[in-house]
Amino acid sequence: MKNFSTRLLAWFDDHGRKDLPWQKDKSPYRVWVSEIMLQQTQVTTVIPYFERFMATFPRVDILAEATQDEVLHQWTGLGYYARARNLHATAKRIVNEYNGEFPHTPQELEALPGIGRSTAAAIIAICTGQRAAILDGNVKRVLARVFGVEGWPGQSATLKQLWDHAEALTPSDRVADYTQAIMDLGAVICVRSRPSCDRCPFQNDCHAFATQSIKEYPGKKPKKEKPVRSTTMLVIECDGNILLEQRKATGLWGGLWSFPESDEPETYLEAARLDHVQMEKLSAFRHTFTHFHLDIEAIHIKVKAASQTQASENLLWYDLEDPNNIGLTRPVTRILEALQSAPLLQ
DNA sequence: AACGCGGGGTC
DNA sequence: GACCCAGCGTT
């Protein structure tokens, strides 16, 4: 299609978003943090996290010097916690290897943890104005519909076609605006369900609109049955303090703090040299991940003096009145909320 | 090339 | 409940 970028930019000038928090001061640091937070996460969800993160870590060197617990604490609730670990690792590398300044080439950016092809391009385009093509969820949806690209974008053949379109369409002029514009079109007009085609600058050139097959694009991910796992979480309380265990550094909920899990509470307590005075089931619930369901049963256990329990690297007593700055899993925040709004056992 | 990785918004 | 979101790293 001719004039794609010109027409998109004309639309952007009238209708694009220009007041998002990360558009105020488009420094590489702020743009980078926003791009990482926005991976697989919606704008409205990100905004409060971004504001809080910037207030706590206003510069890359400050982020680099923070502890991982502090970074994960800021990330609690955002999900995909490897993003936070990679963000922290990259901050350290920016300080140590690049003297605190972000590199300006896609190759160097992509070599940093958590920055892939699209995120590198976004940083390049938005911060330097160098030509670089992005391909995020918005762009995939727009291009799949306009050009009738079939198949699920998770498949490499489909993904390649989308990248080819993205590269071909990205202009040399006004790349920063173009990058924002193509995302805005996807976020504001070409939304997933019930898109506003009558307000779209490409209505007359859109394959999906012309063939009345908008729902077919982009192709859907093949659905798979989610397996169900189950666990028992031990909410061990002593004097208003809750025992938490740090999860291993990688994998699911990596680096976050959660309740000890055991199907045999008595055995666990014995091993930890804890004497319980009361034990009561809390309500069971289901926590659903991308790829499986986790049925969680929580047991509230009150114990006598905790001094017996050795404090170790990956164990801490979490004071409900004076919480640590650490990353917590969703079930922990959920259960602690429930506990505090309806305190049991006095 | 396929899978692991969260939590929340939307319909 | 199904589906998906400003994707990337690992295998």
Side-chain angles (χ1 to χ4, degrees), chain A residues 16-17 20-23 30-50 72 75-87 89-90 109-123 125-126 132-142 144 151-160 162-163 166 179-188 190-195 215 217-227 247 249-256 258 286-294 327-334:
Chain A
R17 296 176 295 184
L20 295 168
W22 42 90
Q23 295 178 309
R30 289 170 59 87
V31 170
W32 166 59
V33 171
S34 73
E35 288 297 331
I36 302 300
M37 285 189 173
L38 286 160
Q39 290 170 2
Q40 301 298 97
T41 310
Q42 295 185 349
V43 169
T44 53
T45 302
V46 164
I47 288 174
Y49 282 88
F50 179 81
L72 286 173
W75 212 268
T76 292
L78 257 189
Y80 281 170
Y81 298 94
R83 292 184 294 172
R85 300 194 301 270
N86 288 333
L87 194 79
T90 287
L109 283 172
E110 276 189 64
L112 295 166
I115 300 180
R117 181 174 175 182
S118 187
T119 300
I123 295 170
I126 293 171
I134 63 158
L135 186 65
D136 65 3
N138 290 307
V139 183
K140 286 173 186 169
R141 192 167 53 249
V142 170
W152 173 52
Q155 289 183 313
S156 55
T158 305
L159 194 61
K160 183 186 181 326
L162 292 170
W163 268 115
T179 300
Q180 188 61 50
I182 187 82
M183 290 191 286
D184 283 358
L185 189 72
V188 176
C190 196
V191 294
R192 183 159 66 87
S193 57
R194 296 166 53 86
K215 293 188 71 167
Y217 298 95
K220 288 180 182 172
K221 174 181 179 170
K223 58 176 145 192
K224 262 198 312 193
E225 193 88 352
K226 285 180 184 171
R247 300 177 59 85
T250 59
L252 188 69
W253 287 330
L256 300 191
S258 194
R286 171 170 286 191
H287 184 81
T288 297
F289 294 91
T290 319
H291 45 301
F292 68 96
H293 301 288
L294 183 60
L328 301 174
T329 67
R330 181 67 181 104
V332 168
T333 58
R334 176 173 172 167

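None of the values given here were measured: they were computed from a predicted structure. By convention in this document, chain letters (A, B, ...) are assigned in the order of the sequence lines, proteins followed by strands, and residues within each chain are numbered from 1.
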Classify [X] by what it touches in the nucleic acid, base, sugar-phosphate, or nothing, heavy-atom distance under 4.0 Å.
X: R330(A); value: sugar-phosphate
X: K224(A); value: sugar-phosphate
X: W32(A); value: nothing
X: Q180(A); value: base
X: L78(A); value: base
X: R17(A); value: base
X: L294(A); value: nothing
X: T290(A); value: base

field: chain A contact limits on DNA chain C, taken 5' to 3' with a cut-off of 4.0 angstrom to heavy atoms
entry: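 Contact span on the strand: dC3(C) to dG9(C).
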So, is [X] close to the [N] phosphate, meaning a side-chain N or O under 4.0 Å from OP1 or OP2?
X: H291(A); N: dG4(B); result: no
X: H287(A); N: dG7(B); result: yes
X: W75(A); N: dG7(B); result: no
X: Y81(A); N: dG7(B); result: yes
X: S156(A); N: dA1(B); result: yes

field: Candidate pair R247(A) and T329(A), rule side-chain hydrogen bond (donor to acceptor under 3.5 Å, both in side chains), full reasoning
entry: CA-CA 10 Å; R247(A) 300 177 59 85; T329(A) 67; over 6 Å; no
query: Is Y80(A) close to T290(A) at the side-chain level, that is, under 4.5 Å between some pair of heavy atoms?
result: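 Yes; the side chains approach each other to less than 4.5 Å.
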Which whole number of Å gives the distance between the [atom1] atom of [N] and that of [M]?
N: dG9(B); M: dC8(C); atom1: C1'; result: 22 Å
N: dC5(C); M: dG6(B); atom1: C1'; result: 12 Å
N: dA6(C); M: dC11(B); atom1: P; result: 13 Å

Find the distance [X]:[atom1] to [N]:[atom2] and express it as a whole number of Å.
X: Y80(A); N: dG4(B); atom1: OH; atom2: C1'; answer: 8 Å
X: R286(A); N: dG7(B); atom1: CZ; atom2: P; answer: 16 Å
X: K226(A); N: dG7(B); atom1: NZ; atom2: C1'; answer: 11 Å
X: M37(A); N: dG8(B); atom1: CE; atom2: C1'; answer: 15 Å
X: R334(A); N: dG6(B); atom1: CZ; atom2: C1'; answer: 14 Å

task: Let me know, please, whether F289(A) or S193(A) comes out on the 5' side of the other along DNA chain B by nearest nucleotide.
output: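 It is F289(A) whose nearest nucleotide is closer to the 5' end.
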message: Here's a test of your reading of the structure: between Q39(A) and G154(A), which maps to the more 5' nucleotide of DNA chain B?
response: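 Whichever sits nearer the 5' end wins; that is G154(A).
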field: Exercise: identify the closest heavy-atom pair between R141(A) and G186(A)
entry: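 Closest heavy-atom pair between R141(A) and G186(A): NH2-O, 2.7 Å.
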Within the distance-only criterion (no hydrogens, no angle test), does the side chain of [X] pair as donor or acceptor with the backbone N or O of [Y] below 3.5 angstrom?
X: R85(A); Y: A249(A); result: yes
X: D184(A); Y: G16(A); result: no
X: T90(A); Y: P113(A); result: yes
X: T76(A); Y: L328(A); result: yes

- request: Please check if atom NZ in K221(A) has more than 12 non-hydrogen atoms from other residues, nucleotides or ligands closer than 6.0 Å.
  value: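 No, because the 6.0 Å sphere around NZ of K221(A) holds 12 heavy atoms or fewer from other groups.
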task: Decide yes or no, distance alone: a donor-acceptor N/O pair under 3.5 angstrom between the base of dG6(B) and the side-chain of T41(A).
output: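 Counting by modelled atom types and ignoring angles, a donor-acceptor contact under 3.5 Å is found here.
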task: Give me the one residue out of E35(A), E110(A), Q39(A) that meets side-chain hydrogen bond (donor to acceptor under 3.5 Å, both in side chains) with T119(A).
output: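 Per the side-chain hydrogen bond (donor to acceptor under 3.5 Å, both in side chains) rule, the option paired with T119(A) is Q39(A), out of E35(A), E110(A), Q39(A).
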message: With nearest nucleotide decided by heavy atoms, which residue, A120(A) or Q42(A), maps closer to the 5′ end of DNA chain C?
response: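 Looking at the nearest nucleotide for each, Q42(A) comes out on the 5' side.
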